[in-house]
There are 2 protein chains.
Amino acid sequence: MAHALDKIDTQILSILQKDSNRTTKSIAEELGMTTSPVFERIKKLEKEGYIKKYVAVLDNKKIGLKLTVFIGITLQGHTRSYLEKFVTEINNFPEIVECHRVSGNYDYLLKLIVEDIEAYETFIISKLTLLPYLGNVQSLITLSTGKETNEIDLSRV
Amino acid sequence: MAHALDKIDTQILSILQKDSNRTTKSIAEELGMTTSPVFERIKKLEKEGYIKKYVAVLDNKKIGLKLTVFIGITLQGHTRSYLEKFVTEINNFPEIVECHRVSGNYDYLLKLIVEDIEAYETFIISKLTLLPYLGNVQSLITLSTGKETNEIDLSRV
DNA sequence: ATAAATTAAGAATAATATTCTGTATAGATT
DNA sequence: AATCTATACAGAATATTATTCTTAATTTAT
């Protein structure tokens, strides 16, 4: 097929997922090449979708969002149209940053970031529990976070 | 105190957490100002830690890491030194992208990203279960992901 | 072995970040 | 209320960096 990632590509991805403000020149030096091939490779990685976007990572707590909660949910209705509606609703809640359909003890696992316990309770009462077909809801309140990274493991790809 | 975030700051953060490649000029235009105050505000937001870093967001699946798993863990020993050691070990596992100490049904909730089920099993057998004091281990295998964003909710800060 | 297509180097150009200077504004102090 | 001080802004000037272009080298396919 047309494209697989070679060593240089994964090295570039690895660098950019740590710090996307690195200049092409600095990356090129680290990899022992000149800027143009590095530049072209980056553009290719963007165009082909290996790099989805570039973002600023904010400090939740510093900004005032001090509480992370995971919520395990079971649903009572499992029709396709309801599941789709559920996910659509979830997408409209800015407090929820992740929503995964899972196998195991829950149907969905949500991750949510809010100011504090109070904001969390408000969310549960005035948003989440208004959704229909909601079954069991279990919260895992984060006490502390030992690791949280955007860096995925490229060592074996 | 010296600094809180005003409306303009949160607007800038909101823009940059969506797309950090936006030029200061384009941001300035959107906000109806010139580049220099925008530039200065961004530098301030970086210096004061509201912006932690800039990163490239990669496409896990495209890169070959198709499986996300959440793992709920209970520990049998809860001494402080063991908890610390546990988190240290976890930090050395590149497969694990998040590790939260939680209240509720588990002691820790881990998030892990790997190639496939096989790689997952390998991880469990050859890495995770080698840790001492491990109690119960429950896996939530992600079937599909309905939402996954880095954007935190700045509407109320 | 040769042609076609990639990949890289190096130079040239365009765009952007960054710095600087002067001006206005808001708050504090008297 | 007047003045002082600190902060934020505009606009221009400069420095860096991204981006493009041309050419040479290397690989791949035929």
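Note on naming: letters A, B, ... go to the chains in the order of the sequence lines (proteins, then strands), and numbering restarts at 1 for each one. As the structure is a computational prediction, the values presented were derived from the model and not from experiment.
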**Q.** Whole angstrom value for the distance that separates C1' of dT20(D) from CD1 of I42(A)
**A.** 15 Å

Q) D6(A) CG to dA8(C) C1': how many Å, rounded? A) 13 Å

(Q) In whole Å, I'd like the distance from the CG atom of D19(A) to the P atom of dT17(D). (A) 13 Å

Please tabulate the protein-to-nucleotide N/O contacts below 3.5 Å involving nucleotides 15-19 of chain C, giving atom names and distances.
unit_1	atom_1	unit_2	atom_2	d
dA17(C)	OP2	T24(B)	N	3.2
dA17(C)	OP2	T24(B)	OG1	3.1
dT18(C)	OP2	K43(B)	NZ	3.4

Q. Quick one: is dT6(C) close enough that its OP1 or OP2 comes under 4.0 Å of any side-chain N or O from K44(A)?
A. no

Q: Starting at atom CD1 of I27(A), determine the distance to atom C1' of dT16(D), rounded to an integer number of angstrom.
A: 15 Å

Q. Taking CG from D9(A) and P from dT7(C), how many angstroms apart are they, rounded to a whole number?
A. 9 Å

**Q.** Cationic N near anionic O, under 4.0 Å, E84(A) to R80(A)
**A.** yes

In residues 108-119 of chain A, what donor-acceptor pairs under 3.5 Å come from side-chain atoms, sequence neighbours left out?
unit_1	atom_1	unit_2	atom_2	d
K111(A)	NZ	E148(A)	OE2	2.8
K111(A)	NZ	E98(B)	OE1	2.9
K111(A)	NZ	E98(B)	OE2	3.2
D116(A)	OD1	E118(A)	N	3.2
D116(A)	OD1	A119(A)	N	2.9

Q.
In whole Å, I'd like the distance from the CZ atom of R41(B) to the C1' atom of dC9(D).
A. 10 Å

**Q.** Positive for side chain to side chain contact (heavy atoms under 4.5 Å, CB included) with Q11(A), one of I8(A), D9(A), L13(A)
**A.** I8(A)

Q. Is E46(B) salt-bridged to K43(B), going by a charged N under 4.0 Å from an acidic O?
A. yes

Q. So, the side chain of K62(B) versus the backbone of K52(A): is there a donor-acceptor pair under 3.5 Å, distance only?
A. no

Q) E29(B) has an atom CD; how far is it from atom C1' of dA10(D), in whole Å? A) 14 Å

**Q.** Nucleotide dT19(D), atom C1' - distance to NZ of K47(A) in whole Å
**A.** 15 Å

Q: Assess the side chains of Y82(A) and Q76(A): does a donor N or O sit below 3.5 Å from an acceptor N or O?
A: no

